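For reference, the structure discussed in these notes is given below.
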Amino acid sequence: MPELPEVEVVRAGLAPAVDGARVVGVEVLDGRALKRHVPIVGDDGRGGHGVTLTSEAAAIRAADFERRLTGVVLGAPARRGKFMWIPVVSAGEATHLALLAHLGMSGQMLLRAHEAADDRHVRIRIWIDNPEHGELRLDFADQRLFGSLALDELVATDDGAPGGFVGNGLLRGAGEASAGGAGVAPALIPAQASHIARDPLDPEFNDARWAERLRSRGTGVKALLLDQSLVSGIGNIYADEALWRARLHPETPGRAVGPRKVRELLGHVREVLGQALSEGGTSFDEQYVNVNGQAGYFAHSLNAYGRGGEACPRCGAEISRIPFGGRSSHFCPKCQRQR
DNA sequence: AGCTACACCTGATAGC
DNA sequence: TGCTATCAGGTGTAGC
């Protein structure tokens, strides 16, 4: 579900509540929401996805997560692509630890009053005390459990540039400063997010390098947009939308896209991400919501995604829907010709 | 190295 | 009503 714009809406919403707040309590209701959390003591040696946690292993993780997170002070949340993290600070100084969050397909970070009733699918509750805003509850809810929280080690970025976006307001668009004044992002990134590329709205994103890598591959351009090691933050919705804007067929091999067209595609990616951001992200149902549980409006602005069988807003031809890696690609067969 | 298939989950909806 | 199949915004890993 949540792609870059949705995760950024959540990150920005979390910032005023968590920055400077102390964790006063942690309760793991479902240990499966800690898939990425590796306990220090009693490590079961089983990590990552595609591995079913035994209930014993899940209990070890839960206990470790609760023990180590309780009592810490949190800093300003950061984001790269679809990964988000909140650094653990001590006496105002960053430590080597961060609370890492990935929302997967259905994850939500909800800010609620301390004693508010639970939302559906809450897996982890974190009680925080903010010096300015008082006591709040940060709930991680996730229907499908593809998302997770973890305590993860912060490592140096390989290029020495900031690890991700940190700002007091919502990121506005390609390489722009935040609305509320940019925070100083340290050159650190959680180890588990360090393998993904920078996202297209990161000022340090290397356009030429990306273009070169994309044009060296025989894979379809949609699969390349979704490859988080080439460019992060793009998912099924915005891949389809960017390709529609660029008039590119999703199965066009990377090496068949000319240099000019590749630059154009990147421009469309930035444009669609920026527009979605300004409209609060894309919500089809209750699955994607901001920290207050509210939906975004960008679903009204989609041209291709989810519109199979409808008329192309540009040429009127019928939008096609074809299988793609266990889900679907949506495109206009007339304006997005295979080349 | 690059690519595909699949595993990890729950729930909504459609069709019988 | 109740069963089964299909679909959903993501990612990591096994295996060819």
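Sequence lines set the chain letters: A, B, ... in the order given, protein chains first and strands last, and positions in each chain run from 1. The analysis underlying the following values was restricted to heavy atoms, covering all of them including side chains, and did not include hydrogens, waters or symmetry mates. Not measured: the values here are computed from a predicted model.
Looking at Cys332(A) and Trp244(A), their side chains come closer than 4.5 Å, going by heavy atoms from C-beta outward. Considering only heavy atoms from C-beta on, Glu6(A) stays 4.5 Å or farther from Asn290(A) through its side chain.
Distances from the side chain of His102(A) to the nucleotides dT11(C), dC9(B), dA12(B) place dT11(C) closest. The Arg321(A) side chain lies nearest to dC7(C) when the options are dC7(C), dG11(B), dC9(B).
Note on Tyr305(A): only backbone sugar-phosphate atoms sit closer than 4.0 angstrom, heavy atoms only; bases stay farther off. Within 4.0 Å (heavy atoms only), Ser328(A) reaches sugar-phosphate atoms of the nucleic acid but no base atom. Residue Phe83(A) is in sugar-phosphate contact alone, with no base atom involved, counting any heavy-atom pair closer than 4.0 Å across all strands shown. Counting any heavy atom pair closer than 4.0 Å across all strands shown, Gly325(A) reaches no nucleic acid atom.
Take the nearest nucleotide of DNA chain B for Gln143(A) and for Gly218(A): the residue whose nucleotide is more 5' is Gly218(A). Residue Asn236(A) is the one, among Asn236(A) and His195(A), whose nearest nucleotide of DNA chain C lies closer to the 5' end (criterion: closest heavy atom).
Taking atom CD of residue Gln192(A) and atom C1' of nucleotide dT11(C), one finds them 12 Å apart after rounding to whole Å. Residue Tyr288(A) contributes atom OH, which lies 21 Å from atom C1' of dT10(B) at whole-angstrom precision. Atom CG in Asp240(A) sits roughly 14 Å away from atom C1' in dA8(C) (whole-Å rounding). Put simply, CG on Leu214(A) is 13 Å from P on dG2(B), counting in whole angstrom units. We find that CZ of Phe324(A) is positioned 16 Å from P of dC6(B), with the value rounded to whole Å. Between Leu226(A) atom CG and dT11(C) atom C1' there is a gap of 11 Å when expressed in whole angstrom units. Taking atom CG on Leu230(A) and atom P on dT11(C), their separation rounds to 13 Å, with Å as the unit. Atom CG of Leu100(A) and atom P of dG12(C) are 10 Å apart (whole Å).
Phosphate contact (OP1/OP2 of dT10(B), side-chain N/O of His121(A), threshold under 4.0 Å): absent. Not one side-chain nitrogen or oxygen of Arg144(A) sits closer than 4.0 Å to the OP1 or OP2 atom of dC7(C). For dT11(C), one of the phosphate oxygens OP1 or OP2 lies less than 4.0 angstrom from a side-chain nitrogen or oxygen of Lys82(A). Contact annotation: Thr219(A) reaches the phosphate of dC3(B) (side-chain N/O to OP1 or OP2, under 4.0 Å). Contact annotation: Arg217(A) side-chain N/O to dC3(B) OP1/OP2 distance is under 4.0 Å. Between Arg32(A) and dA7(B) there is no side-chain polar atom (N or O) within less than 4.0 angstrom of OP1 or OP2.
Between Asp199(A) and Lys82(A) no salt bridge is recorded (no basic side-chain N to carboxylate O distance below 4.0 Å). Between Lys222(A) and Glu251(A) there is no salt bridge, since none of the side-chain N atoms of the basic residue sits less than 4.0 Å from a carboxylate O of the acidic one.
Look at the P atom in both dC3(C) and dC9(B): the space between them is 23 Å, to the nearest Å. Comparing the P positions of dA1(B) and dT11(C) gives an interatomic distance of 22 Å, to the nearest angstrom.
Close placement of the Phe284(A) and Tyr305(A) rings is indicated, their centers lying within 6.0 Å of each other.
Nucleotide dG11(B): paired with dC7(C) (Watson-Crick or G-U wobble, both distances less than 3.5 Å).
Residue-nucleotide stacking is not present for Phe146(A) and dC9(B), judged by a side-chain ring centre under 5.5 Å from the six-membered base ring centre and planes under 30° apart.
Checked by atom type and distance alone, the side chain of Arg137(A) pairs as donor or acceptor with a backbone atom of Ala116(A) at under 3.5 Å.
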